[in-house]
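Worksheet: the structure to be examined is printed underneath.
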Amino acid sequence: MRILARLLYLGVINLGRNRWAQFFTLSTVAFTAFMAGIFLLLLYNVQQAARSTQEDIQFQVYWDPAYPMEEIREQWKEISSWDIGSMETFTPEEALEDLAGSIAGDLDADSLAGDNPLPATALIEFSLQGQDTQDRALLMRSRLMELPGVQRVSYNPLQVDLARTWVRVSSGIFWPLIGLMLVITGLVVANTLKLNQMQRREEVEILALVGASSSYIQFPLLVSGALQGLVGGVLSLGLLRLLHLALEDVLYFPPLWLKIEFLPLSYILAIPGVLTLVGLLSSFLAVNNRLR
Amino acid sequence: MRILARLLYLGVINLGRNRWAQFFTLSTVAFTAFMAGIFLLLLYNVQQAARSTQEDIQFQVYWDPAYPMEEIREQWKEISSWDIGSMETFTPEEALEDLAGSIAGDLDADSLAGDNPLPATALIEFSLQGQDTQDRALLMRSRLMELPGVQRVSYNPLQVDLARTWVRVSSGIFWPLIGLMLVITGLVVANTLKLNQMQRREEVEILALVGASSSYIQFPLLVSGALQGLVGGVLSLGLLRLLHLALEDVLYFPPLWLKIEFLPLSYILAIPGVLTLVGLLSSFLAVNNRLR
Amino acid sequence: MIQVKHLSHSFGRYWALKNISFSLDKGDFLFLTGPSGAGKTTLMRVLHGSLAVQRGVASIAGFDLKNLPEKRLYLLRREVAIVFQDFKILPDQSVWDNVALPLQVRGMVSSQVHKRVRAVLRSLRLDSKSRYLCREISGGEQQRVAVARAVVINPKVLLADEPTGNLDRKLSLQLMEVFRQFHVHGTTVVLATHNEELIRSLPGAKILCLKDGSAVECSWGPEGEGA
Amino acid sequence: MIQVKHLSHSFGRYWALKNISFSLDKGDFLFLTGPSGAGKTTLMRVLHGSLAVQRGVASIAGFDLKNLPEKRLYLLRREVAIVFQDFKILPDQSVWDNVALPLQVRGMVSSQVHKRVRAVLRSLRLDSKSRYLCREISGGEQQRVAVARAVVINPKVLLADEPTGNLDRKLSLQLMEVFRQFHVHGTTVVLATHNEELIRSLPGAKILCLKDGSAVECSWGPEGEGA
Ligand SMILES: Nc1ncnc2c1ncn2[C@@H]1O[C@H](COP(=O)(O)OP(=O)(O)OP(=O)(O)O)[C@@H](O)[C@H]1O
Ligand SMILES: Nc1ncnc2c1ncn2[C@@H]1O[C@H](COP(=O)(O)OP(=O)(O)OP(=O)(O)O)[C@@H](O)[C@H]1O
Ligand SMILES: [Mg+2]
Ligand SMILES: [Mg+2]
């Protein structure tokens, strides 16, 4: 027990020796983990976005250009009270402006305004979560069709297809890439820790010469390796959170309204956890090689 | 001259000393650069995709459900001979199937088939490159409208908006993220090289004691630092290319037809170039500190 | 306490020890001497388990060196202490920490450690330097730290490789007195040295002269050889 | 060649050298002696430019140590060679490479380097070990490598800190003969040693006895002191 406490203590104060090497090691670990973290954050958010797209279906509703706009506005109010996700509306003028803007910034929209060929439209998002999704989708469709003045209700086959595609692909890319990241991070961290521990070769050798058992030698090295992994992981999470705070709102404006989400708790715990394990493991290997 | 050659030679054979430390350093450098490279590859491709989306405009054409399908097929043939980018067509049955598939896999499409409310549609992509894009877009629109049986021609405001958004955002995200990557990679590589060179402290000290001038001491260290950066960078490019070969076609199927492109030459040259510089710089700093 | 029979050791093609045999009982004192490169250090390292027994047989403090598994080597090193020719002390730790190390490694309580280290440092005139880092002290002081680290565990066998090379005559004789005390109290001592005065100062001791790895007649010695 | 006036040096609050003065001409030979911890190594390091001059004045081979900028230190070290008490040789390089190092550092052509290194290694009986790595050779051999590395440049001033600590009597006297040859050919030699026999072997030499950092009467010496 006293020995165990002493070994733990040694593992911690080892970190205080050769501060510069320690500092370089720790920052390498933290930065590598940070880089992997950015990657994870990115993939996670794309995955989230794809999943939410997949679960939504969009109806695009077109009104008869001849139908009075006031009535259409009434209908818009009514529709927004339905059980839908969201609605975006375009008057013919807005649509024209949008078209003009999308083709070229300086197209003279006024020249077309008198003879606007565009109808009023609405983009309705509708969540497909829950049990009776099929019925609800069909019901929604017929309800929209029955509104007076509605000419057509279209849906988004391409977008739905894209989302389905992403899900199909992501299992082929998402997890392999995460795995690759993990492997690389592990290798970098392990290498760095080994480089660091090479500086302690002399100490390890002398400990063995004065009669230290291999567990006495290894345990503090394992403890410092694990600590370095842990501290590096926590530091990288801090950096990641800072980056996230800076980027969180960068996509949060119309028409995206995309908040970049931070990693979920399980990932947050996994990062320092994995690094701690890597630290342990690489120390273990480094020391084991040394003793032979 | 003889001294210079000798110093270069020393810089190279230095790499042969302490092979393990060298190996760990090199693989850390290579893997870190690899990770940054993956990132670069990803951002570059997203950027490319966004740029090409921005340059395209999509028209969605809806035919009157009552209009005979044979005529529509004739029109499809005609349209495809126009100066357009691409066209995707959906018969009412295909559209229904698609809808059914997107809502739920096992929806009974046959029950709706008799009374199919969906029209025939076509998705036409049209490139906005070149001079007279505005006129061509308007011309295309009116040509489509004039086809008999065409009920509506819609365009893709949301998608165009997304692309414009991406471009707006990417200058706020793309370059900062690349910059961040660069800084992190630089720090990691510099740290690792420093950790490595710490192992040479003794040698440097002894060189100074036997009368080596500081340039005699520094030059080989700079050479090996630069070489390590260079070799690490080239290795990382190799790894990246392997990854690219594995992933190239993973998105190349309908309806995406997205080939992941490899980095352009300027990036390819920049990776080892930057790493070489980082190697030089970190060696320079490491040695300069040492001598004082 | 030490048995060595037909021991040979080679580094590559170079035979550093050739067919050495001798044996020591508890409390014996052996001087190991011979010109530079004769194989003294090599023999010490074999006895301490740092070099494997390649040919012949060797045992020390009850451990058969030929068949000692690596895992149990530390047990041998708790009985057999060594003073290295190149000290092998930790330069970035204090004199005190270096000397306390073998005791801490054994899990001794710190009050005991304190008492033992203090006594040993005093006997070697190192008390005033105990807080210095080992790279900050003089060559002779470092050598005494190496001796202190070896004797602090009260070993059954004490191997000392040229422990007076950096010491002046007075300190050498004082150190010799420390070794003699251990010898008198039953520790088996093997001392490698070039210093003939040291050897003459202990007439009762055995002497083993090496030359190019072989045991030879001691050319100058008035005393007999070790058998 | 060497002037030292009122030189003092402290490590923190500890004064390792106190008010030392002496001067040596070209070709002089000075023995530096005194008990362990007296300050011999500290004085050597000041003369070699590794420790700054804190108080007093010191110059060597025409370099004023007090005002020598760091950038020009290597010029001093091309004239003043030193044998370190702890050797400071590169353990992972061969004997040959270690000895050739100071010549290569000066940009000497390799045929010249070859000739010089060979001659020096032979004079120190190291020819058979020239391809060995320095960590593979015995303590005495390492010490001779350190000496070889110092004398190979034919220095104006040769500082040798306890260069015979790991050598047997015969080798010590041979080494002394090497130093004497340099001395005769005009090299100024400063030799720190505990070995009284060595000191007696060169009756014409000056002697400086240190104790606790101060110059003192040599308690045992038949010869006069250095002034
Ligand atoms: N690891 C090694 N590899 C090759 N040769 C070695 C190795 N270690 C020692 N030797 C050689 O073995 C011989 C004996 O070395 P050893 O260190 O035992 O000598 P020694 O008697 O201790 O000499 P000294 O008095 O100089 O310390 C020497 O010639 C040395 O060069
Ligand atoms: N870097 C340092 N920091 C603190 N004290 C030091 C340092 N270097 C030397 N000393 C102290 O200065 C004193 C003189 O040391 P020095 O090495 O000059 O002695 P020395 O005469 O060479 O002794 P020896 O014969 O044992 O080699 C010693 O007491 C030593 O502890
Ligand atoms: Mg030896
Ligand atoms: Mg000294």
Side-chain angles (χ1 to χ4, degrees), chain A residues 1-26 193 195-225 227-228 283-292, chain C residues 44-45 47-52 61 63 69-94 97-113 133-135 145-146 148-157 159 161:
Chain A
M1 207 53 234
R2 206 181 50 249
I3 290 209
L4 200 75
R6 184 172 165 76
L7 291 179
L8 263 171
Y9 166 76
L10 281 179
V12 175
I13 63 160
N14 269 345
L15 291 178
R17 296 234 172 86
N18 204 347
R19 303 247 169 92
W20 278 108
Q22 233 59 257
F23 171 78
F24 291 136
T25 307
L26 211 62
L193 288 180
L195 266 181
N196 185 10
Q197 295 201 336
M198 274 188 176
Q199 320 228 1
R200 289 239 282 275
R201 211 176 337 198
E202 191 188 7
E203 191 181 334
V204 166
E205 190 192 323
I206 287 177
L207 276 173
L209 289 175
V210 301
S213 62
S214 50
S215 57
Y216 187 96
I217 297 175
Q218 289 185 11
F219 195 79
L221 289 176
L222 292 184
V223 169
S224 19
L227 271 178
Q228 260 162 338
S283 306
F284 183 75
L285 292 177
V287 176
N288 247 27
N289 276 344
R290 192 81 33 78
L291 288 183
R292 228 171 282 135
Chain C
M44 292 282 195
R45 290 172 67 198
L47 292 178
H48 194 241
S50 304
L51 290 175
F63 294 91
E70 185 132 16
K71 287 231 150 215
R72 301 191 60 234
L73 191 56
Y74 77 97
L75 293 173
L76 177 151
R77 289 176 175 169
R78 294 187 174 188
E79 309 291 350
V80 180
I82 186 164
V83 181
F84 288 97
Q85 191 169 12
D86 54 355
F87 313 161
K88 291 215 201 298
I89 52 181
L90 289 166
D92 293 327
Q93 296 196 17
S94 71
D97 288 344
N98 265 281
V99 176
L101 199 58
L103 300 177
Q104 287 165 343
V105 151
R106 281 158 180 75
M108 188 182 272
V109 294
S110 62
S111 61
Q112 280 276 350
V113 170
L133 298 187
C134 280
R135 64 177 149 73
V145 171
R149 190 185 60 188
V151 300
V152 75
I153 63 167
N154 228 325
K156 281 194 193 157
V157 180
L159 309 172
D161 195 355

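All chains are named by letter (A, B, ...) in the order of the sequence lines, taking the proteins before the strands, and each is independently numbered beginning at 1.
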Q | Under 4.5 Å from a heavy atom of chain A, the part of C:E79 involved | A | neither

Q: Please flag which part of C:I89 lies under 4.5 Å from any non-hydrogen atom of chain A: side chain, backbone, both or neither.
A: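 For C:I89, backbone heavy atoms alone lie under 4.5 Å from chain A.
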
Q: Just give me the residue among C:R149, C:K71, C:H48, C:Q93 that pairs up with chain A most often, heavy atom to heavy atom, under 4.5 Å.
A: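 Counting heavy-atom pairs under 4.5 Å, the top option is C:Q93.
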
Q) Hey, what do you get for CD1 (A:I206) to CD1 (A:I217), rounding to the nearest 0.5 Å? A) 11.0 Å

(Q) Can a donor-acceptor pair be found, under 3.5 Å and without considering hydrogens, that links the side chain of C:R78 to the backbone of C:V105? (A) yes

Q: Check C:S50 against A:L209 and note the closest heavy-atom contact, atom names and distance.
A: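 Between these two residues, the closest heavy atoms are OG-CD2, 3.8 Å.
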
Q: Before giving the answer on side-chain contact (heavy atoms from CB on, under 4.5 Å), spell out for A:V204 and A:L221 the whole-Å C-alpha distance, their side-chain angles and the decisive distance to 0.1 Å.
A: CA-CA 9 Å; A:V204 166; A:L221 289 176; 3.7 Å; yes

